[in-house]
Protein chains: 2
Amino acid sequence: MNDDLTARARIRDAAIKLFTERGIEGASIRDIATEAGVSSGLVRHHFGSKEALRAACDTYARDRMFELSRELIDEQGLENVNVGTVQPVAFPLQTYLVRSMMDGSETASALFLQTVEYGEEWAKTHGVVTDDFRAWSAVITAMKLGVYVLREQLELALGEDLASTSGYTRLNRAFVDIFSHPLLTPEQAKNLRKDH
Amino acid sequence: MNDDLTARARIRDAAIKLFTERGIEGASIRDIATEAGVSSGLVRHHFGSKEALRAACDTYARDRMFELSRELIDEQGLENVNVGTVQPVAFPLQTYLVRSMMDGSETASALFLQTVEYGEEWAKTHGVVTDDFRAWSAVITAMKLGVYVLREQLELALGEDLASTSGYTRLNRAFVDIFSHPLLTPEQAKNLRKDH
DNA sequence: TAGACAGCTACACGATCGTGTAGTCAAGTC
DNA sequence: GACTTGACTACACGATCGTGTAGCTGTCTA
């Protein structure tokens with residue numbers, strides 16, 4: 001726990017942590033208060049209700065993600081940003097957002113749609129081969145987010161923490177390998193397209 | 001509701017449906033009983049506890065998935081089975097298993113590991129380009145399952161039901177497009193591998 | 001210095017949860 | 001025809017949940 005943070009910030013961080021680990025329903029206000037080192041009444045005092053606390057976490061995570069990607073673009077330049085990789089700093093925030101999305105967050109769902117629309121434009125202007133850019137972007141977005149949802153299983157399969165340098169590097173290299181070599185031959189693709 | 005099924009089967013189907021929609025914690029025994037058209041006591045009578053009911057759903061979904069893939073292989077032959085596509089029949093079962101996995105199911109997690117191991121062997125014997133077959137398989141498995149987890153968001157982005165013929169076809173074609181064309185050029189891949 | 005006010009705690013409330021217990025009912029067995 | 005057994009319901013239990021209320025602090029300001 002970071003004692004430098006205000007109680008409000010500590011509650012918000014504790015909520016994001018427990019919501020991510022146990023889901024929205026699975027994390028009680030009392031648990032969050034204990035994790036933050038405050039009374040459960042203070043959670044209510046600062047955020048009003050559990051739903052409002054969750055909404056505050058949603059917008060905080062979203063805005064923080066925007067800040068981080070903005071910083072990344074400023075550092076590396078728009079064209080050099082690795083679209084397939086993820087930032088270690090953004091990992092927990094992204095994980096929270098996906099979990100919140102699954103539990104019915106409108107803020108997180110809106111972010112998903114926004115990402116799909118951005119990916120659709122990117123695909124059109126970067127020579128992606130498909131005749132359904134919308135579906136292409138939606139599926140690839142869902143696939144990338146799947147890594148966050150199944151983080152626990154992924155760590156089990158790899159035998160190491162994804163937040164570690166080693167695990168993070170393996171993850172990124174796997175992304176690069178997957179997206180730089182075709183998995184299906186043209187004949188296989190042709191057959192699969194006909195069958196369905 | 002299917003009146004032909006025994007009460008036990010109806011409870012199990014209702015549990016899989018509600019567990020998938022609301023998560024394990026979010027679906028109460030009373031809700032499941034109402035959905036199945038029985039009393040809540042009968043759920044306990046047949047399955048003993050909520051955890052045991054969930055375990056029964058896990059093994060049922062897993063075994064049913066094995067049956068379905070066995071039938072698919074018998075029909076099409078092992079080499080012709082589309083590794084990227086999904087079966088409409090298996091869709092709800094797979095969705096349940098992923099949800100259950102997220103909520104801490106050991107049965108579902110074991111299935112994930114098994115899938116990763118199978119994919120690892122497949123990659124080694126089918127000329128996949130990578131020096132970390134384990135990570136390659138784990139990431140691609142997580143990515144494919146992401147589509148199930150984010151089914152709701154995917155349907156929102158595509159504007160149609162994924163269980164419909166049209167939605168299912170768009171999904172499969174997007175898979176084929178993504179896996180039959182490289183997203184990164186060799187130079188880009190080389191740069192990304194160096195950076196991290 | 002009196003008063004307003006935000007930060008914070010303690011405690012009680014109704015609702016809902018999983019679970020436990022008792023009992024009804026119909027079908028099968030001897 | 002008495003007895004057993006499994007499917008099934010009704011109801012009560014303790015625990016936990018989100019929420020409501022009252023009151024205690026310290027700080028700032030008019």
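Naming: A, B, ... by sequence-line order, numbering from 1 per chain.
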Residues two or more places apart in sequence or in another chain: which of them pass side chain to side chain donor-acceptor pair (under 3.5 Å) with A/Thr165?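 Scan of A/Thr165 (side chain to side chain donor-acceptor pair (under 3.5 Å), adjacent residues dropped) gives none.
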Excluding sequence neighbours, so at least two apart, what forms side chain to side chain donor-acceptor pair (under 3.5 Å) with B/Glu160?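 Counting only residues at least two positions away or on another chain, B/Glu160 forms a side chain to side chain donor-acceptor pair (under 3.5 Å) with B/Ser166, B/Arg170.
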Calculate the interatomic distance between [X] atom [atom1] and [N] atom [atom2]; express it in whole Å.
X	N	atom1	atom2	result
B/Ile29	C/dG18	CD1	C1'	6 Å
A/Arg54	D/dT19	CZ	P	13 Å
A/Ile32	D/dT19	CD1	C1'	14 Å
B/Leu53	C/dC17	CG	P	15 Å

Beyond-backbone contact of A/Val149 with A/Thr95, side-chain heavy atoms, under 4.5 angstrom: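 No, every pair of side-chain atoms sits at 4.5 Å or beyond.
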Holding to salt bridge (Lys or Arg N to Asp or Glu O under 4.0 Å), I want the full list of residues that pass it with [X], two or more places apart in sequence or in another chain.
X	value
A/Glu152	none
A/Glu21	none
B/Arg99	A/Asp103, B/Asp103
A/Lys50	none

Under-3.5 Å N/O pairs linking protein and nucleotides 6-12 of chain C:
| from | atom 1 | to | atom 2 | distance (Å) |
| --- | --- | --- | --- | --- |
| C/dC8 | OP2 | A/His46 | NE2 | 3.1 |
| C/dT9 | OP2 | A/Ser39 | N | 2.8 |
| C/dT9 | OP2 | A/Ser39 | OG | 2.7 |
| C/dT9 | O5' | A/Ser39 | OG | 3.4 |

Can you give each donor-acceptor pair under 3.5 Å made by side-chain atoms of residues 24-32 of chain B, sequence neighbours left out, with the distance rounded to 0.1 Å?
| from | atom 1 | to | atom 2 | distance (Å) |
| --- | --- | --- | --- | --- |
| B/Ser28 | OG | B/Asp31 | N | 3.1 |
| B/Ser28 | OG | B/Asp31 | OD2 | 3.2 |
| B/Asp31 | OD2 | B/Arg22 | NH1 | 3.0 |

Contact under 4.0 Å: A/Ser28 side-chain N or O vs D/dC17 OP1/OP2: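 Answer is yes, contact under 4.0 Å.
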Counting only non-hydrogen atoms, which of residues 14-26 of chain B are less than 4.0 Å from DNA chain C?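 Output list: empty, so none.
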By the side-chain hydrogen bond (donor to acceptor under 3.5 Å, both in side chains) test, which pairs, at least two apart or in different chains, include something from residues 133-142 of chain A?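 Non-adjacent pairs meeting side-chain hydrogen bond (donor to acceptor under 3.5 Å, both in side chains): A/Glu120-A/Arg134.
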Distances for protein N or O near nucleotides 22-24 of chain C N or O, under 3.5 Å:
none

Select one nucleotide: of C/dC17, C/dT19, D/dC17, the one nearest the side-chain heavy atoms of B/Ser49.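 That would be C/dT19.
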Within residues 105-115 of chain B or reaching into it, pairs that qualify as salt bridge (charged side-chain N to carboxylate O under 4.0 Å, His left out) - sequence neighbours excluded: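 Those involving residues 105-115 of chain B do not exist here.
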Go through it in stages, so that I can follow the logic: the residues are B/Leu150 and A/Val98, the test is side chain to side chain contact (heavy atoms under 4.5 Å, CB included), and I'd like the CA-CA distance, side-chain angles, deciding distance and then a yes or no. CA-CA 9 Å; B/Leu150 300 173; A/Val98 179; 4.3 Å; yes
